[in-house]
Amino acid sequence: MKSKSILSVKNLKISFPSGKEENIAVDGVSFQLRKGEILGIVGESGSGKSLTSLSILGLTPPSGKLESTEIIFDDLDIRTKLNDLNEKEFRKIRGNRISMIFQEPSSSLNPVYTCGNQVREMFTTHKKISRKEAKKRTLELFEKVNLFNSEKIYHSYPHEISGGQMQRVMIAMAMACQPAILLADEPTTALDVTIQKNILELMDEMRKEMGTSIIFISHDLGVIAEIADRVLVMYKGKIVEEGTIEEIFVRPQHPYTKGLLACRPRLDVKLNVLPTIEDFMAENESEGGERKFRSVGEALILNAETKGELIQKRMDTIKGGPLIRIKKLKKYYPIKSGVFGKIKGFLKAVDSVSFDIYPGETIGLVGESGCGKTTLGKTILKLVDSTDGTVMYDGKVINHLSEGQLRPMRKDIQIIFQDPYSSLNPKHRIGYTILEPMKIHGILKNDKERKERVYELLEKVNLKPEHFERYPHQFSGGQRQRISIARALALNPKFIVCDESVSALDVSIQAQVLNLLNQLKKEFNFTYLFISHDLSVIKFIADRILVMKDGKLVEVGYSDALFERPKHEYTRQLINAIPKSDPEDIYKIQMRKKTTETR
Amino acid sequence: MTQWLKEKGLKDTWCNLCFLFIAIEILLSIFIMTFHKLSGTTFSVQIDLGNIGLSPFSEGHFLGTDHLGRDVLKQLFFGTKNTLFLSFMGTLLGSFVGITFGCFSGYFGDDKLKIKAAKFWIGGFLIIGLAFYAFNINTFRFSVLIDLLLPSAFLASVSLLIFLLIKSKKQIPIPFDLYVVRVVEVYSTIPPIFIIILLSSILRPSPALFIIYCVAAMWPEFFFLSRAELLKTKNQTYIDAARVIGQRNIPIVFRHIFPNMFQSLLVLFAFAFARLLVIESTLSFLGIGLPAQYPGWGKLIASFQMNTDYWWLLLFPGLLIFINVLCIQKIGRKLREN
């Protein structure tokens, strides 16, 4: 059954003139959206996928130039050419007939108005109904998006509710006027897997109920597979492949698509090295040149780790004593009130956590946001003081030392932070950023030798020596994360905490950084504590896994055992919530979707 | 000059003109100061009762004279020098004091500055004991020896007792930030101009003293802004990163935090400078500021009150205040935009 097309984009071309050059961001994109369909657009950041969706709403940045484009919106039997509309006419369509959900719910809701107020505004501006009536409808809508405590949510401010709830409010806002098209720009990227799953289900429900067409944008093919009917794969501003979910996943044609499919860490096979997109793309650069893999399956088989290797590795690591030993570690935050800060109660961020880390091992620490995993990592590094308990490094208790006593030991324990944008000082050249730790600890004799070493380190993390003089804002997210890694490496540490180090990166870049971390581990025999909310990443990198919930460890185990036989209910929930990337699973999901539709 | 600034990236012509004007003024002031010092001649403003109330453009007195026959142009030169120098130094030193306190307070916060329990109690006791002794030293006086020995023996023995009693090695955090901020909040409710008036009434100011009074009036603003900026920057991940690589507290503040808050402090500096210019003029108009041998814009305007026919005594200094404040504000606004 083919329903009629509701939106057709023809030859969309957006370019940003800068000086004499012209950067083409979107290059001749054409597609059609049918009624009641979910169209996924996948691509890495900078591939032009967000720009495409913004241009549909006429929200392209002022510096961008729209060329030879025809966007036709076929709604309620009226054909409108969107790119010819003026601002006033557009306002009637925005939010009313075409609405949008953004990535970051916390910054797309206005912090000074209550959630109810903001959703009600949608009704009062577009539907011309009384405030009382609008409030009634808003509450109904909140019930519909599974915000059960609707009266309370109506009166709360955005900061008072959780990220998942905020995204639900955003969806309620977007669906308020029953739009014909919903543009969702990475709506679940900032959320935990379990909440992501709920939001995806909710969006699918809304579509069925209201017959809305959805354009779902994501960098993650796994998420797209869960929800979309058709996929567009975008690469460098062009659509390189288009097809149904089954076609894309079972018979990907373009090397880029294959790369995207393969680079996502998998749950079924444990790999030594993650295939990256470059492995597949090599052929494009030089005709007939070598390309590492031809298909997804080949990439997986060639990289898989055998059981024998795994067991041997485990035996080796346990031989020595533990490098880090954590005993009943606690971190309570006092909740203060009044002018002089009287303590009312405690927030238990880390509550009696004990575990050992052996040298050469990678420990994965997994849990939802707010479970205390980042606080635990920071407590080990004494970035926050512990309330009680001990952290032992190499037989010495380190969490009771003063800052001065700890300083010489700082060079052994390093951290790589989550956000590549705020972890580098914007006013320092990156060369200095990497050189500074060596200067503090007096590694190497003089600045000249240190500078040589910085060049070496830059090369080690696949950056160029000429990057030495540049500032952080001149780099992309993945490059910045590599600079952070180089800074950590500068001190030759033994133990590195990776605090969500790859969460802010695209899947394809994530694979590169993960590979780099693994390769460095082999070279220098590092020990990692890898903190992440993404179980599939943890599965790839970790030897042992700790599952954390509400400040407590609920399950500890070797990675394969934990995935095959999860003991705790919460672990099972986490594993089930991960978007699948197996063709069989995807087939199941798609079948289920079709059967529920026909029923 | 403006062309050169344009090439340097400052595109706004008006802003460049303002900048140029202030620069010339400052250079001229410095020139007058050095020339005055070097020549040692009577270049200063002199009372000349033979030439009272000459109007502008008269011979020998380009901008006329006032009711005591003093040359207005000369007074303007010296006045500009005085006012600019005093306000600038006041703001500069005030910003030093404010930023130092602000950084200290913001960086150490409520729990980072720690002290051992024994030290805390002994220190507290010593301060109270010495204060008590200092206040009562006049009332009971036997001989010098007893005066010194008896209290010190008493203090030492009690300190030792405390030291022996408190054995725990536990460190007490001092909520430095909390108390300093409360105190400064109360202090900053007094308007700056009132603080200067109050201090001037206690001790008649010399230029150096006047600068100190200005510092006392201006520093809370810098304290609050630098503390706020520091708290904002302190929570950035790169500060954590600096701590992880083992950087010490003071380099963290100076090398990592300060460059990131410099710009907003510069903006505040410009506006505070302009405000202090006006305050200084107001005070010298009221006759509260510097003594009569130091001319100022305000004093010229004040002498207009003696004879309201001398319009030039109002116009020229008024114009100078107006243009100066405007220029500095313009520069400040430009800094904020960038």
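Letters go in sequence order (proteins before strands), and every chain restarts at 1. Quantities reported herein were computed from a predicted structural model and do not represent experimental measurements.
- The aromatic rings of A/Tyr332 and A/Phe346 sit tilted, their planes meeting at an angle between 30° and 60°.
- In this structure, the separation between CZ on B/Arg243 and CG on A/Leu406 is 9.5 Å, given to the nearest 0.5 Å.
- Among the candidates A/Gln414, A/His441, A/Arg407, A/Lys378, the residue making the largest number of heavy-atom pairs closer than 4.5 Å to chain B is A/Arg407.
- Between chain B and the options A/Met409, A/Glu436, A/Met438, heavy-atom pairs under 4.5 Å are most frequent for A/Glu436.
- Contacts between A/Leu424 and chain B at a heavy-atom distance below 4.5 Å involve the backbone alone (N, CA, C, O).
- Within the 4.5 Å cutoff, the side chain of A/Ser386 has no heavy atoms near those of the A/Lys331 side chain.
- Considering only heavy-atom pairs separated by less than 4.5 Å from chain B, the leading option among A/Asn425, A/Thr433, A/Ile440 is A/Asn425.
- B/Phe273 and B/Phe88 have their aromatic ring centers within a separation under 6.0 angstrom.
- Chosen from A/Gln418, A/Lys411, A/His428, the residue pairing most often with chain B at heavy-atom distances under 4.5 Å is A/His428.
- Only the side chain of A/Leu381 comes within contact range of chain B, with at least one heavy atom under 4.5 Å from a heavy atom of that chain.
- With ring centers used as reference points, A/Phe468 lies 6.0 Å or more from A/Tyr432.
- A donor-acceptor pair under 3.5 Å is formed between the side chain of A/Lys382 and the backbone N or O of A/Leu401.
- For A/Ile416, no part lies near chain B; criterion is any non-hydrogen pair under 4.5 Å.
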